[in-house]
Amino acid sequence: MDLFEQLDASSLRHKEKFTYRLRGGYAKRGRSRFIQINRDLLTALREYYLTERAEALGKAHLETSNELFLRSDPRGTGLPISKRLASDIFAKYRKELSFLDQNLSYHDLRHTFATELYHSELLDHAGRETRSESAALIVVAESLGHAHDRNGRPPSTTLRYIRLREVMLELEGVKE
């Protein structure tokens, strides 16, 4: 079933996360993986698909494209975005925001996401523990598209993604 159709399926109205198979050409090291997309993001992606993307196809006089994200600039309307686009945009804004560490990379945002998700899975808004560290790690691994080992444990890669949790808590003034 198409992901956008799943959003409207009455049998899936309770579902908050949807699974998408990211083909190897778009994934790290060329390996296909499954990623989780939350309902709000999938809704925003559908809106983009039906509006901005459709407009780019129309301006380029194209019926369809196999690519989700298309350029809308005058020189490249309807062409797929480059693999470096997100990194290039991040670098541009990083330079403009002098208070940001200029050594940060776009990939660091993925680490931040993993750390924030891990923290939110461990504690509720009042700071009370809601689940075990291993259960929180599994949620993070699934969200990042990391495969489990044969015992169902997340890989060490997932642990490296959340290595800065203590630093984050210290910056936010949170004591454990």
Side-chain angles (χ1 to χ4, degrees), residues 3 7 15-49 52-53 67-72 80-149 152-176:
L3 278 180
L7 278 173
K15 193 171 184 176
E16 285 302 315
K17 290 189 178 181
F18 298 83
T19 303
Y20 177 74
R21 183 174 182 269
L22 186 62
R23 293 189 328 250
Y26 301 99
K28 191 174 185 179
R29 295 187 185 99
R31 287 188 230 146
S32 295
R33 64 173 67 195
F34 289 96
I35 59 171
Q36 301 293 313
I37 303 173
N38 73 34
R39 179 175 287 279
D40 291 340
L41 178 57
L42 189 55
T43 300
L45 284 170
R46 179 173 58 182
E47 181 65 21
Y48 158 78
Y49 185 86
E52 292 175 56
R53 184 181 180 281
E67 306 297 329
L68 175 59
F69 295 108
L70 303 176
R71 291 173 54 180
S72 59
I81 63 170
S82 73
K83 290 182 179 182
R84 291 218 27 93
L85 181 65
S87 293
D88 293 344
I89 290 172
F90 181 79
K92 174 187 170 191
Y93 286 106
R94 182 190 60 220
K95 288 176 189 168
E96 291 179 17
L97 302 171
S98 60
F99 61 88
L100 281 181
D101 179 343
Q102 295 301 303
N103 294 316
L104 287 175
S105 70
Y106 177 70
H107 192 76
D108 289 322
L109 298 175
R110 184 170 162 88
H111 288 267
T112 301
F113 166 77
T115 302
E116 293 282 352
L117 178 60
Y118 178 73
H119 185 67
S120 72
E121 288 295 320
L122 283 178
L123 307 171
D124 65 14
H125 292 294
R128 294 180 300 256
E129 189 171 314
T130 57
R131 65 174 64 214
S132 70
E133 288 186 14
S134 59
L137 282 172
I138 289 170
V139 170
V140 172
E142 289 175 351
S143 296
L144 295 175
H146 293 166
H148 297 91
D149 68 14
R153 292 184 306 250
S156 61
T157 306
T158 305
L159 288 171
R160 287 194 301 273
Y161 269 85
I162 59 166
R163 69 187 183 275
L164 299 176
R165 179 172 183 262
E166 289 75 25
V167 174
M168 179 194 78
L169 293 174
E170 185 178 313
L171 287 171
E172 293 177 355
V174 177
K175 300 209 189 274
E176 286 194 282

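We're numbering straight along the sequence, starting at 1. What's counted below: heavy atoms across the whole structure, side chains too, no hydrogens, waters or symmetry copies. In this text, all values refer to a predicted model and were calculated from it rather than measured experimentally.
Across all their heavy atoms, Ile35 and Gly145 have their closest contact at CG2-CA, 4.4 Å. Nearest heavy-atom pair, Leu137 versus Thr158, reported as atom, atom and distance to 0.1 Å: O-CG2, 3.8 Å. Residues Leu144 and Ala114 come closest through the heavy atom pair CD1-CB, 3.8 Å.
Under the side chain to side chain donor-acceptor pair (under 3.5 Å) criterion, Arg71 pairs with Asp73, not counting sequence neighbours. Applying the side chain to side chain contact (heavy atoms under 4.5 Å, CB included) criterion to Ser132, with sequence neighbours excluded, gives Ser134, Ala135. Scanning for side chain to side chain donor-acceptor pair (under 3.5 Å) contacts around Glu47 gives an empty result, with sequence neighbours left out. Applying the side chain to side chain contact (heavy atoms under 4.5 Å, CB included) rule to Arg46 yields the partners Phe4, Leu7, Asp8, Leu50; only residues at least two apart in sequence or on another chain are considered. Taking Glu121 as the reference, Arg131 meet the salt bridge (charged side-chain N to carboxylate O under 4.0 Å, His left out) condition, with sequence neighbours excluded. Under the rule for a side chain to side chain contact (heavy atoms under 4.5 Å, CB included), the partners of Glu96 that lie at least two apart in sequence or sit in another chain are Lys92, Tyr93. For Phe69, the ring-ring contact (aromatic ring centres under 6.0 Å, His included) partners are Tyr48, not counting sequence neighbours. Scanning for side chain to side chain donor-acceptor pair (under 3.5 Å) contacts around Arg153 gives Asp149, with sequence neighbours left out. Every residue two or more places apart in sequence or in another chain that forms a side chain to side chain donor-acceptor pair (under 3.5 Å) with Ser105 is listed here: Asp108. The ring-ring contact (aromatic ring centres under 6.0 Å, His included) search around Tyr20 returns none, not counting sequence neighbours. For Asp88, the salt bridge (charged side-chain N to carboxylate O under 4.0 Å, His left out) test picks out Arg84, with sequence neighbours left out. Under the side chain to side chain contact (heavy atoms under 4.5 Å, CB included) criterion, Ser120 pairs with Leu117, not counting sequence neighbours.
Distance check: Leu3 CG to Leu42 CG gives 5.5 Å after rounding to the nearest 0.5 Å. The CG atom of Leu109 sits 8.0 Å away from atom CG of Leu104, with the distance rounded to the nearest 0.5 Å. Interatomic distance, CD of Glu142 versus CZ of Phe34, reported as 12.0 Å (0.5 Å rounding). Taking CG of Asp101 as the reference point, atom CZ of Arg94 lies at 8.5 Å (rounded to 0.5 Å). In this structure, CG on Leu70 lies 10.5 Å from CD on Glu52, to the nearest 0.5 angstrom. Rounded to the nearest 0.5 Å, atoms CD1 (Ile162) and CD (Glu133) are 7.5 Å apart.
At distances below 3.5 Å, at least one donor-acceptor pair connects side-chain atoms of Gln102 with backbone N or O atoms of Leu100. Listed for the Ser143 side chain is no donor-acceptor partner under 3.5 Å among the backbone atoms of Gln36. At least one donor-acceptor pair closer than 3.5 Å links the side chain of Arg53 to the backbone N or O of Leu68. Thr115 places a side-chain N or O within 3.5 Å of a backbone atom of His111 that can act as its donor or acceptor partner.
Contact check for Glu116 versus Phe113: no side-chain heavy atoms found under the 4.5 Å cut-off. Taking the side chain as every heavy atom from C-beta outward, Leu123 and Thr130 never approach each other to under 4.5 Å.
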* **Check against side chain to side chain contact (heavy atoms under 4.5 Å, CB included), Lys17 and Val139** => CA-CA 11 Å; Lys17 290 189 178 181; Val139 170; 4.2 Å; yes

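The local environment of CZ in Phe90 is crowded, with over 12 non-hydrogen atoms from other residues, nucleotides or ligands closer than 6.0 Å.
Counted by atom type alone, His146 and Thr157 present zero donor-acceptor pairs between their side chains at under 3.5 Å.
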